Amino acid sequence: MKKSILVSAVLSLLICLAGCLINYRSYQSSGSLKWAVRTFGGEITIENGFGWHLVHIYAMTPGQGDTVRLSFSVAGFLLSFLALFAVVHVFSVLIRTLHRHHAQ
């Protein structure tokens, strides 16, 4: 059981780190996060994904520029990790259970 938890934790951490890197590179190239939950408002878009928090406030009057702010949230990263850990661990338990069932 401990081995299963450790494997799930390591796999989840690797997925989170990869998602974090992909989102950062996406922000650098396109100004948005590739894998994120988006919230839309009248003049604002907020994106959260793998620890990154991107706020884009659109200018509403001529002559103004948009405001874009990217920040990293440790709490957001941990939340992503825990969600992935739960999913990976459930799949791990299901696969192990099915494998034992078919071995009998």
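Every heavy atom of this structure was used, including side-chain atoms; hydrogens, water molecules and symmetry mates were not. Please read these numbers as outputs of a predicted model, since none were measured by experiment.
- In terms of heavy-atom proximity, Lys34 sits nearest to Arg38 at O-NH2, 3.9 Å.
- Taking Phe85 as the reference, His89 meet the ring pair (Phe, Tyr, Trp, His ring centres under 6.0 Å) condition, with sequence neighbours excluded.
- Annotation: ring-ring contact (aromatic ring centres under 6.0 Å, His included) contacts involving residues 5-41, sequence neighbours excluded, comprise Tyr24-Trp52.
- In this structure, Leu79 shares a hydrophobic cluster with no other residue, the cluster being traced through Ile, Leu, Val, Met, Phe, Trp and Tyr side chains under 4.5 angstrom apart.
- Across Thr97, Ile95, Val90, a single residue satisfies side-chain contact (heavy atoms from CB on, under 4.5 Å) together with Val93, and that is Thr97.
- Judged as a side chain to side chain donor-acceptor pair (under 3.5 Å), the pairs with a partner in residues 66-79 (not counting sequence neighbours) are, in order, His56-Asp66.
- By the salt bridge (charged side-chain N to carboxylate O under 4.0 Å, His left out) test, Arg25 pairs with no residue at all, sequence neighbours left out.
- To the nearest 0.5 Å, atom CG of residue Leu6 and atom CG of residue Leu11 are 11.0 Å apart.
- Atoms CG and OG, from Leu13 and Ser80 in turn, are 11.5 Å apart once rounded to the nearest 0.5 Å.
- In the hydrophobic clustering of this structure, Ile22 groups with Phe50; members are Ile, Leu, Val, Met, Phe, Trp, Tyr whose side-chain heavy atoms approach within less than 4.5 Å, directly or through other members.
- Using modelled atom types, one side-chain atom of Glu47 and one backbone atom of Leu33 make a donor-acceptor pair closer than 3.5 Å.
- To the nearest 0.5 angstrom, Ile5 atom CD1 is 11.5 Å from Ser12 atom OG.
- Other residues, nucleotides and ligands place no more than 12 heavy atoms under 6.0 Å from the CZ atom of Phe91.
- With values rounded to the nearest 0.5 angstrom, Leu14 atom CG is found 11.0 Å from Leu84 atom CG.
- Atom-to-atom distance recorded for Phe77:CZ and Leu17:CG is 4.5 Å, nearest 0.5 angstrom.
- By the side chain to side chain donor-acceptor pair (under 3.5 Å) test, Ser92 pairs with Ser4, sequence neighbours left out.
- Both Val74 and Leu54 belong to a common hydrophobic cluster when Ile, Leu, Val, Met, Phe, Trp and Tyr are linked at side-chain heavy-atom distances under 4.5 angstrom.
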